[in-house]
> 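First, the structure itself, so that you have it in front of you.
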Amino acid sequence: MKVVFSAARNGSLSCTINNKQYHSLYNPENEALSFCKNTVKPSFKPSVILIIEPGLSYCAGELKKLFPDSQIAAVRLTDSFSEYDFLWDKVFYFNGNSSISEELYNYFGEENLLRTAIYSWPQSSSILTELNNAVLAEIKKA
């Protein structure tokens with residue numbers, strides 16, 4: 001997986017993965033705000049919001065504002081964004097060859113897992129499709 005960082009038009013950091021744009025070239029913060037407000041709409045009060053490969057983690061702060069009573073967690077599909085892990089309450093790593101179902105179960109427990117809202121960062125499901133689908137299968141196991 002090739003991750004290349006560059007400046008967006010608004011001066012924020014953006015990136016490409018495998019030569020495909022992963023964050024907005026213009027305003028990645030607005031992109032994250034739109035994702036949080038328009039996509040992350042659970043039909044229940046979640047104990048946990050779990051985002052699959054959020055990249056530069058622009059959505060973490062907004063999710064914490066929108067869901068102050070929920071744990072905000074991420075599943076990383078690459079370690080290229082590890083310096084942003086501090087923005088999350090918990091970060092898990094999945095490389096396609098490992099199993100994280102037990103790790104999720106042991107950390108959150110059955111009750112919290114049943115009240116977890118799971119979302120893929122949009123580019124995760126379109127650019128990292130295979131890994132994204134594999135981690136979703138692992139989450140279902142948990």
Side-chain angles (χ1 to χ4, degrees), residues 1-42 45-142:
M1 180 179 319
K2 181 182 175 189
V3 179
V4 177
F5 297 95
S6 61
R9 291 248 170 104
N10 72 346
S12 295
L13 195 59
S14 186
C15 70
T16 60
I17 295 182
N18 299 334
N19 297 316
K20 295 179 182 171
Q21 202 62 44
Y22 205 75
H23 287 290
S24 169
L25 279 172
Y26 300 96
N27 191 326
E29 292 89 354
N30 277 352
E31 174 189 45
L33 180 63
S34 176
F35 169 74
C36 293
K37 289 189 173 183
N38 299 321
T39 303
V40 182
K41 292 183 172 184
K45 185 176 179 180
S47 295
V48 179
I49 303 283
L50 184 65
I51 307 296
I52 299 172
E53 193 47 80
L56 292 163
S57 299
Y58 288 113
C59 62
E62 190 62 34
L63 290 170
K64 287 182 178 187
K65 287 182 211 169
L66 292 170
F67 303 96
D69 298 327
S70 300
Q71 291 183 68
I72 307 300
V75 175
R76 294 281 188 203
L77 305 178
T78 175
D79 62 2
S80 297
F81 304 108
S82 61
E83 69 182 88
Y84 302 98
D85 287 356
F86 74 95
L87 296 169
W88 301 90
D89 295 328
K90 177 66 177 167
V91 175
F92 301 90
Y93 279 84
F94 179 75
N95 64 13
N97 298 319
S98 60
S99 170
I100 65 164
S101 57
E102 279 189 46
E103 190 178 353
L104 290 164
Y105 184 84
N106 290 336
Y107 186 81
F108 292 121
E110 183 175 0
E111 186 177 327
N112 284 329
L113 276 176
L114 292 172
R115 295 186 346 219
T116 297
I118 303 159
Y119 298 91
S120 295
W121 181 252
Q123 291 79 346
S124 174
S125 55
S126 64
I127 296 173
L128 304 172
T129 308
E130 203 171 294
L131 279 172
N132 191 80
N133 291 341
V135 81
L136 283 171
E138 281 292 313
I139 293 167
K140 285 180 184 178
K141 277 189 209 175

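Along the sequence shown, residues carry numbers from 1. Hydrogens, waters and symmetry mates are skipped; everything else that's a heavy atom, side chains included, is used.
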> Kindly compute the distance separating CG (Leu50) from CG (Leu104), expressed to the nearest 0.5 Å.
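Separation between the atoms: 6.5 Å.
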> Would you say that Ile100 contacts Tyr107 through its side chain, given a criterion of any heavy-atom pair below 4.5 Å between the two side chains?
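No, their side chains stay 4.5 Å or more apart.
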> Rounded at 0.5 Å granularity, tell me how far OG in Ser57 sits from CG in Asp85.
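So the OG of Ser57 and the CG of Asp85 are separated by 7.0 Å.
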> Is the backbone N or O of Pro122 less than 3.5 Å from a side-chain atom of Ser120, with the two atoms forming a donor-acceptor pair by type?
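Answer holds: no.
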> Does the Thr129 side chain pair with the main chain of Ser125, one donor and one acceptor, at a distance under 3.5 Å?
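Yes, Thr129 side chain to Ser125 backbone: donor-acceptor pair under 3.5 Å.
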> Output all residues satisfying ring pair (Phe, Tyr, Trp, His ring centres under 6.0 Å) with Tyr119, sequence neighbours left out; order by chain, then residue number.
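Residues passing ring pair (Phe, Tyr, Trp, His ring centres under 6.0 Å) with Tyr119: none at all.
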> Measuring from atom NZ of Lys140 to atom CG of Leu113, what distance do you get when rounded to the nearest 0.5 angstrom?
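One gets 14.5 Å once the value is rounded to the nearest 0.5 Å.
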> Under a 3.5 Å distance rule, please check whether Asn18 uses its side chain to pair with a backbone N or O of Lys2 as donor and acceptor.
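Checking the backbone N and O of Lys2 against the side chain of Asn18, a donor-acceptor pair under 3.5 Å is found.
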> Test of understanding: with side-chain contact (heavy atoms from CB on, under 4.5 Å), list the residues that count as partners of Leu131, not counting sequence neighbours.
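Leu131 satisfies side-chain contact (heavy atoms from CB on, under 4.5 Å) with Met1, Leu77, Phe94 once adjacent residues are dropped.
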> When you check the side-chain N and O atoms of Glu53 and Thr78, is any donor under 3.5 Å from an acceptor?
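There is no such pair between these side chains.
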> Quick one: does any side-chain atom of Lys64 pair with a main-chain N or O of Leu87 as donor and acceptor, under 3.5 Å?
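Judged by distance alone, yes, a pair lies under 3.5 Å.
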> Would the distance check show the side chain of Ser70 and the main-chain N or O of Pro46 forming a donor-acceptor pair, the cut-off being under 3.5 Å?
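Yes, Ser70 side chain to Pro46 backbone: donor-acceptor pair under 3.5 Å.
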> Quick one: does Asp79's side chain have a donor or acceptor within less than 3.5 Å of a partner on Ser82's backbone?
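Not at all, since once roles are kept as given, no pair shorter than 3.5 Å links the two residues.
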> Is it true that a side-chain atom of Asn112 and a backbone atom of Ser47 form a donor plus acceptor pair closer than 3.5 Å?
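Pair absent, no side-chain N/O of Asn112 close to backbone of Ser47.
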> Walk me through whether Val40 and Leu66 qualify under side-chain contact (heavy atoms from CB on, under 4.5 Å).
CA-CA 10 Å; Val40 182; Leu66 292 170; over 6 Å; no
> Excluding sequence neighbours, so at least two apart, what forms side-chain contact (heavy atoms from CB on, under 4.5 Å) with Thr16?
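By the side-chain contact (heavy atoms from CB on, under 4.5 Å) rule, Thr16 matches Val4, Gln21.
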> State which residues pass side-chain contact (heavy atoms from CB on, under 4.5 Å) with Ser6; sequence neighbours excluded, sorted by chain then number.
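Partners of Ser6 by the side-chain contact (heavy atoms from CB on, under 4.5 Å) criterion, ordered by chain and then number, come out as Ser14.
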> Tell me whether Arg76 contacts the main-chain N or O of Gly55 through its side chain, where contact means a donor paired with an acceptor under 3.5 Å.
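It does hold such a pair.
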> Are Asn10 and Tyr26 close enough that some pair of their side-chain heavy atoms sits under 4.5 Å apart?
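Not in contact.
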> To the closest 0.5 Å, what do you measure between CD1 (Ile51) and SG (Cys36)?
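Between Ile51 CD1 and Cys36 SG, I get 7.0 Å after rounding to 0.5 Å.
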> What's the shortest heavy-atom distance between Trp121 and Tyr22, and which atoms?
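Heavy-atom minimum between the residues: NE1-O, 3.3 Å.
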> Between Leu128 and Ile52, is there a side-chain heavy-atom distance shorter than 4.5 Å?
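With C-beta onward as the side chain, the pair stays apart.
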> Applying ring-ring contact (aromatic ring centres under 6.0 Å, His included), which residue pairs with at least one partner in residues 45-82 are found, sequence neighbours left out?
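Listed by first then second residue: Phe5-Phe81, His23-Tyr58.
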> If I take atom CD from residue Gln123 and atom CG from residue Asn132, how far apart are they, to the nearest 0.5 angstrom?
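Taking CD in Gln123 and CG in Asn132, the distance rounds to 11.0 Å.
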> State which residues pass side-chain contact (heavy atoms from CB on, under 4.5 Å) with Lys141; sequence neighbours excluded, sorted by chain then number.
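Testing Lys141 for side-chain contact (heavy atoms from CB on, under 4.5 Å), a comparison that skips the adjacent residues, returns Ser101, Glu138.
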> Any side-chain heavy-atom pair from Glu62 and Glu29 closer than 4.5 angstrom?
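Heavy-atom side-chain distance check fails, nothing below 4.5 Å.
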> Given side chains that start at C-beta, do those of Val91 and Phe86 come closer than 4.5 Å, heavy atoms only?
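The answer is no, as the side chains (C-beta and beyond) never meet within the 4.5 Å cut-off.
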